[in-house]
Structure formats: C-alpha cells, structure tokens
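Written below as structure tokens is the structure these notes are about.
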Amino acid sequence: MKKDAKNLPATDLLATKIKDLTPEILAQLEKPLGTADRPFPMWGSQRVEYKGNSELEQVLSVIASDARPMKIYTERSYQEVMALAYCDMPVPSMLQLFFDGLERRKPESKNRTQMLIGNPGHGKSFMGALQGRLRSKKSVEVFDCGGKNMNELLFEMVLDFGSGDALPSAIDKRLKAGTLQALSLAKLKSLPGVSIEKDEVKSIDWNYFKGKAKPEEVDAAYKIMKEVSHIEGLDNAGGNALGMNSQYGPLIRWFKENREGVLDEYNKSREGSDNALQTVWQFLNGEIDQCTVENPLKNKDTTSGPSSFTFKREDMGIGFFVTLTGNKTEDGVTTRSLNKSVYSRLSPQTLPDPDVIDWQHRICQMMVGLPVSTLYTVFKDQANKDPDAFGAWLMALRKEKAQIEGVAIPALQEALLMNWKNVVSASEKLAQFYDKWATLTDAEKIMQGHADLVEEVDEEYSKKEGVDFRKIKQHLEEAAAIRPRMEPAEAPAFINFKDFMKQPVLSEQDDENPALFFGTRLVEFLERMVYEKSAAIGKEKLYAKLSKAMDEFGLHDVHLLEGAHSGQKSVEEALNISSFADRDLGKQAQLARKVFCDYIRQISPEITAEDDQIVTMKKVHDALEKVGQKNTAETKELFIVNRDHETLGASPLTGAKIEDVAAYTLAKKELDLSYDDLVHHDDFMASLALPTISGKNIAAIWDANIRPLTEDQNTAPANQNTPDAGAKGATADLDEALHIAENRSAQKLATTTLRVLFNDASGAPCDVSIHIVRNEARGKTLIVGEKVPSKLLAAFREAGITHVDRNDPNAIGKVEAALNDLTRNMPESVRGRLAEAFKYRNDVDAEHLKGKNPQLAELLVDGNIDMMYGKYLIKASKKAM
Amino acid sequence: MSSELMNKVAVEVAHQNAMERGCKFLPHGSRLFTVEQGWESAIISKDKGVAVADTLLTLEAALRNPENKVIFIPLDAAMTEGDIEKLCQRNAITKTLFKEVKKSS
C-alpha cells in the first residue's frame, strides 16, 4: 500500500520504499542544491582557452540551474540542508565525488553504493557520513572493517544482555563507585573494548559486543562476563540476562531500517573474507534485483538467530545507501589490494592528493566553521563589490549551523568570521605553507626538487610526521586555547627575592578576547612544531627549508627589502583580531560603556550604580558616532573621559587639546597654565581604552612644531645628545628622527611625549610625562606613564596598546620587549633614530644622567626627565561636550 | 528579568566561557569543550535538552538520539577522551560535548 505523505511524520519519510514513493512524498523529501540564485561550488574538468589553444583543466566553478540542480532527498528542513551543505562542504577536489554520491541516492538510481579510495585523513568517511547527515537527523553508523571478516556484515555474533542492558549497567555503576571485586577487575581488563588508565579499568565499551566484535572476541567476552557476573553476585538478579546470539549484520540492518551506513577501511578487512558478499554487491550496485544470503552462524554452539536473508529491490527504501572507504594500498601492510571482482562491482573512485585550495578550504572550516575561502573564490566579484552582504550571508549560514550544533557560535569563530577577508588572506598563506610542509615531508615527493633531503626524510618519517588534515586540526586546536605565554628571551625577568616564599597576591584577572592573539598563538605554535619535527631531531636541512617557507608565505610580518611595511598582513597579524576593529558601532558602544563605567566605579568607589544608571547606551553611541566623524589628525581635538558626576550621564566625553611650548617659543610667547587646566593622567589613559576614541586621540597628538626650531640657526639644538650635524649621513638621520617625532617616518614609527596632571604619593597635584611610541603600520602603541586603573588593562590590549607603569620594578624589561616588538624586522639604526626623536622634546642632559649613557628604554621609564618643549594636554573648555 | 531568561543567559555565558578554552575537533563535525567544575558545569548539566552521559552506554545512546544536540560528561564519568573519539567516529552526527574538568586555580 502506498504511503500518504500527509499522514507520515517528516522523520519517517526516508523509510519509504522506493516503489511506494508518491509525488507528494518526493516533493517533501526533495531539496534542490545549486539553483540559479543559490549556486553551489563544484570542481571538475573544463576546456580552458589560453592564447588560442584550449586545454582540459580542473577548475572550481558552480552548479546553478533551476532546471537541473542537484537534489538531496532528506527529512531535514531546507535551512538545515543549506547550512550543512555549505558549512561542511567537502574539499574542492572531492566535490565531484560528492555530486556523484548525490546522483546515486536519487530514487531512480539502482546503484546504492559509493566506494572512495584515498590517503588517511583525507575526509572519505566524513564525506560518506555527511551525505547521511544531510538526509537525516539520525546518526550514521560507521562500521570499522579493519581486521574483520566481511561476512560479518551480513550476520554477526553478539552478546545479548537482554532488554535494558541490566548487567552492563550494574557493572558500570560499580566501576564508577569503585566497588567491583578485585578479581572481577582483573578479568575485565582482558576484555577487548576496555579502556585502561593508570592500570585501572576506566570504561567498558559494551556496545562493541553488540555488533562490532569478532566472533572469537564475543566468545571470550561471554565466558569472562559469566565469571564476573558470578563473582559480583549479579547472576542471580532478575533481568541480568547474558546470552550469545547471531543476528543480522550492519548491511542487512541498514537495508531493513532504510538508513545510510559507512563501511570504513574496507580494504583493511581480512583477506578472502568477503566471498559471500559478491552477490550482495551485485544487488547493491543494481546488477541484480534479488539475492539471498545464508547465516553460517545459525545454530553454532548455543546461539540462535536468523537463518537467511533475501535482499529484494522492491523492499529497498529511499534512505538506504552504503559508502565504502579504503586507503591507498601504499598506506601499509594491513591495506590489501581488492579482488578484481570487487573492483569491478564497486568501481572504487580514487581521491586526488589535496591541493592548496583543499588545504585552505579545510583550514577555514576548522577556524570559522565554514569554507570561507572556497565560497569567496566562487563568489569573488559579488563579495568584493558588497563585502558586508557577503559577510552577513556567511554569518547567517554559520548561525544556522550553530542551531544544529545546539550552541551559539564560539566567540573566536564569530570574531574571525566578522573579519572574513583576514581569514581568506591568512588561510591562503597557511595553505601554501602546509602544502610545502606536506611536500617536504613526503619521501616520494622530495625527489622532485628537494633531493638534498633524502637523508633526513625517509618513508618512516613520512608516515609518522607527514602533514595531513589531521595535523592541521591538532595545530588549530592548540592555537585556539589561551595558555600562559613565555616572555621574550631578551626581556630581563624581575624576581622578588625578599618575599619569594610568600604566596603572591595576584593582580586582578581580566578576560582576554580569544581572538586578540589567535594569530600569534598559531604562528608561535607552528614555529615550535617546525623546530621540534626537524632541527630538534637532527634534521637541519629540513628545518632550514621549513623556516624559509614560513617567511616566504608570510606567517610573520611581511616587510619590503628596505624594511618598510608592505601593507600586506602576515598570518599572525591577520588572525590577531581586536574587538575594537568591529565595524558595528553598536558593539563598539557596548564595549566603550563597559570600560567607561568600570573606570568611573574604580576611581569613584562611592559609585555603585549599574552601567545603565551611570550612562545610557544611546549617549555612548552618540558620542562615539560624533567623534568617529572627526578628522582629529587635522583638527587636533582630543576627547577625554568626563569624570564629573553631575554631567557624565549626559556627556560621557569632554574635549581637550594640546598646548605646545615649542609653538609658543617660535611665536616668542609664554604659555601660562595652572594644574586646574591640565587633563588628569588617568582620564587621558581611560580615553585610550575606549574603542573609536582611542584611535582618534592617538591621531591628534602629532605635530611638526619642532622642525622650525631646528631650522632656526638661532635656536640651540635640543641638547648635546641630538644628532651630530658633522657626522656622515647626519642630515638624513636628523631628518628621519624628525620624521619619527612628527609621525611622518617611512618606517611608520613615531614617538612623542605629553604632559598631564597627576597626584603624587601625598596626593598633591603635579605634572608628569606620558611617552608614546607608535608603529602606525601595525597599529601598535607603547605608552609609558604612571600606574593606571586596572580596569583599563584589558581594553589596552584590544587597542593594541602596551602600557608600562614606569614605577614597575621590571619596567625597563617591559619597555625593551615592547620596543623590540615595535621595531621588529626594521634596520637596527631605527632604534637610534627613535632615541633621537625622543630627545627633541625631552631633556636628557639632566643632572642625574651626567656621565651615563642610558638606553632608550631607561630614558622612557625615567620619571625625572623634564620636557624642554612640553606638550600640555589641557581641558578644551570647562563646559563638557 | 524572568528566572527563565536569566537561566538562558547563564547557560549562554557558561557555553561561551567553555568555548573560549578551545575545543577538540571530534570526527564528523562534533566538538568537545571542557568546562571547569563549578557554576558553569552545574548550569550546563541542568539545562533542559542536555543529555548527561557518564558511561559509554549512556554516551552512545545520547549520540544516537536526534533530540540531543548537547551532551554533558561529568567529571567522574567512566570514559576516556579516546572513548569519546571512538564513539563519535562510529556514530556520525554533529553534537556539542562539554566535558567537566577540575578547576585549574
């Protein structure tokens, strides 16, 4: 009797026999993939014209046809199918086989098998199971054929624990409680499927004996379980049944239940054990419409079970399909060549070795949960034209997949996805690097162009350390987690000898945005892996080649020969994503309000109000919007946190400006200021911890007021330590130092100093210096000043600011490390020019420095250095903005 | 804020905190996150729709149940990470697993 689609729950539709499919059921099951305005990527051969000749090439294109799209027969909703098909899409070189798999699942297809042969870790069983996951919410059974007798696919010997698994449950309960008898534990240890940890039985895989174990293992387990059951006194309890039976194997079960299954590692099965299957393969590939198989286990010992089974075409359901996977025969001795008859019946399809486009695809899937690179490649024009719409589409797909996963998108993936261009560019470099790494660790491939590695890379090394998708997975897993980081080796480590034995009071913990240093963690981990897998085990040539590849493919910062920044982001930089970079002003306002309110509560402990009571989101949003529109590099306006309790709710920011003594000197005027006019150190620092405001303020602090003073012959050089005009190349050096002081350096390096209000230890007002060193190209800033409220520290990291408290015992070391980072890959002379730029404003001829030759780091932390040409940060107006 | 909404927000925060520590990619698109013992693990384990699996039998049943998207594995569960990987390999389905671990500090 034909089924009526209206009367069937959606989850039962795949159980419909193909002969019973009605147009209504088909309409409900059928979901098109690759339609006119929803194209689906596809890989295949196409004739490509090049200089008048045409050649057959493998290309990535799309299927986009309303008339002939691909079709998925599925119980899932259209949204779920789209999310899974696009997010979990097989790598490009497998797409054609994916397409072929869909074709074979059509109702009219008599061939209900697909066999895939490829390298381990290529994603064969993943693709087979993906087809099943696309069709149903039920799990797809993956049967490991390794070392097994293939006749067990038809009939298998199992342990029968009775309904409810009473005996295993009772033993598991005692195992967890630690109350199993010692003799029982000793016997259980010899069971297959048992996990041992620290010589203790940790777990027992009972289901292994219900359809995965070999007959001899089931036999042995039966005897052991009889004994254990007796020792534990469980043999008398009602319901603790234990028996041994033969039952239908996975192939027959899947057929009867109309479901998908994967036979994994088929060519690692026991040689000669698949004789009984030959007619079954003929049935499954459509050559014959019926076949009967006998149960050889029937009535063996005390077992019972079915005596035979007949596969009939008319009984076949639309949901039934079998994917077989196998490794290439060169994989190892356990992989066997299949019989000619099996090859002929299953027609295995061999997967090509992964190409760079495949590595990139898989890297993107692991980083953000969908293959951004492949999607970008096929929709490039539209993505470039409307990057926001492309980004929103990616996010919608990922969110739909998150629904299937049952949890929201992890913060790291979301941050990366919002910066999808960075992901595309970084994944391309990573893919090229992994492709090279795979080539250099493949004993066969090194013969083409890398024969010098022949002594270091042999077959054994290739098998053990060769790079495949699984290795990438491990690397990305490692990089995702935030772990304690090693300080740079050159940074001096400060130790507190006096109080060493006392447990320290740790500074306040702040939550680190997991995306902020993801790139750094990944690249540092890769560097470590490269070293450990080569130089550390005596493979120096391999190490040299891999290190060169890391540079070549831009894992670190990319610089031009002259040392200037090329403008192209390295993998490290592209994947270090600050939440300050979020283009959504609403999200920036959220961040800003949190920093603002935390700061206000910290400096005014009497304020205990919630964020919303301190300032509304709208006020913060409006303030950011207003400042965001300003070109502060031109207007020289600054915006400071308003700490006035009366007005901060209405105006969270207040204006400020710089009064420069250099400009007054040139105009032969005096600058008259009082402490009341100055902006407080902490208020300025808090403004640098606010998204949007931070960047706008940093853009406003540069000037060219020193230059006319140096050109004026009547004006003395800043001090004795300014560049010697007589020295070789001095003019150029002087110019570069001035450029650094003005933020016009070709190296994109700059430094300046601001003078702000502070309160000394007694609480009395004083003015102090804040030194700022900026690498404009990398968006990184070093600020040396006084101690800042701890609530600002996490936000500084997001803003790319390294703040050093000059009173910190390890301040010089921290500044040194930050300067090394800011001048990384730049010529050594740059540090000298930077120091000269510093001296244009700061008086290093101070009494306490006489006879010394302090380095820049020491000068920056020295709180006793006065400014010759002070740049005072003053309140723009008493009226708040 | 209603208690139901507060609970929903707390579950979300607990998920995000656990996910910040990174994950182990399991076969067929499942992911294993660790969650420190404490309020986060308590709230995840009590969330409705979350299957708690403390043995391999219960884990496999949870993996096979299409209604369970999230599975919680308590600290004292009788299973190793190798067991979890093995079961996810033979039951191909996308699930999110949270494994309770001892608090690091």
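The chains referred to below are lettered A, B, ... by the order of the sequence lines, with proteins before strands, and numbering in each begins at 1. All figures in this text were calculated on a predicted structure; none of them were measured in a lab.
- Neither the backbone nor the side chain of A:N513 comes within contact range of chain B; no heavy atoms are under 4.5 Å apart.
- Centroid-to-centroid, the aromatic rings of B:F72 and B:F98 stay 6.0 Å apart or farther.
- For the pair A:K148 and A:F143, the cation-pi test (distance below 6.0 Å, angle within 45°) is passed.
- At a threshold of 4.0 Å, the pair A:D88-A:K401 counts as salt-bridged, since one of the basic side-chain nitrogens sits closer than that to a carboxylate oxygen.
- Proximity to chain A is limited to the side chain of B:E12, based on heavy atoms less than 4.5 angstrom apart.
- With a 4.5 Å cut-off on non-hydrogen atoms, A:K202 touches chain B through its backbone and its side chain both.
- Of the atoms belonging to A:E405, heavy atoms from both backbone and side chain fall under 4.5 Å from chain B.
- For chain A, the nearby part of B:H15 is the side chain; its heavy atoms alone come within less than 4.5 Å.
- Only the backbone of B:A77 comes within less than 4.5 Å of a heavy atom of chain A; no side-chain atom from C-beta onward does.
- Contact count versus chain B (heavy atoms, under 4.5 Å) is highest, among A:G128, A:G193, A:G406, for A:G406.
- In terms of non-hydrogen atom pairs under 4.5 Å with chain A, the most contact-rich of B:K24, B:K95, B:R21 is B:K24.
- Using modelled atom types, one finds no donor on one side chain facing an acceptor on the other under 3.5 Å when comparing B:N91 with A:E141.
- The backbone N or O of A:A480 lies less than 3.5 Å from a partner atom in the side chain of A:R521, making a donor-acceptor pair.
- Contacts of A:K212 with chain B are made by side-chain atoms alone, with heavy-atom separations under 4.5 Å and no backbone atom involved.
- The side-chain heavy atoms of A:R483 and A:F525, taken from C-beta on, include no pair separated by under 4.5 Å.
- Using a 4.5 Å cut-off between heavy atoms, A:D205 touches chain B through backbone and side chain atoms alike.
- Heavy-atom pairs under 4.5 Å with chain A peak, among B:R64, B:E60, B:E67, B:R31, at B:R31.
- Inspection of the A:S136 and A:R259 side chains reveals no N or O donor paired with an N or O acceptor under 3.5 Å.
- Of the listed residues B:V50, B:D54, B:N68, B:V11, the one with more heavy-atom pairs under 4.5 angstrom with chain A than any other is B:D54.
- No other option in B:D83, B:T58, B:L87 has as many heavy-atom pairs under 4.5 Å with chain A as B:D83.
- Within a 6.0 Å sphere centred on NZ of A:K189, heavy atoms belonging to other residues, nucleotides or ligands number more than 12.
- The part of A:I204 that comes within reach of chain B is its backbone (N, CA, C, O), which places non-hydrogen atoms under 4.5 angstrom from that chain.
- Contact count against chain B (heavy-atom pairs under 4.5 Å) is highest for A:V140 among A:V140, A:L84, A:D172.
- Proximity to chain A (any heavy atom under 4.5 Å) is shown, for B:E20, by both the backbone and the side chain.
- Considering only heavy-atom pairs separated by less than 4.5 Å from chain A, the leading option among B:L57, B:N17, B:T55 is B:L57.
- Between A:D264 and A:K124, no side-chain nitrogen of the basic residue sits less than 4.0 Å from a carboxylate oxygen of the acidic one, so the salt-bridge criterion is not met.
- With respect to the salt-bridge test (charged N to carboxylate O, under 4.0 angstrom), the residues A:D165 and A:K210 qualify.
- Ranking B:G49, B:G82, B:A78, B:G29 against chain A, the residue ahead of the rest is B:A78, based on heavy-atom pairs under 4.5 Å.
- Judged by distance alone, with hydrogens and angles left aside, the side-chain atoms of A:E75 form a donor-acceptor pair with the main-chain N or O of A:L14 at under 3.5 Å.
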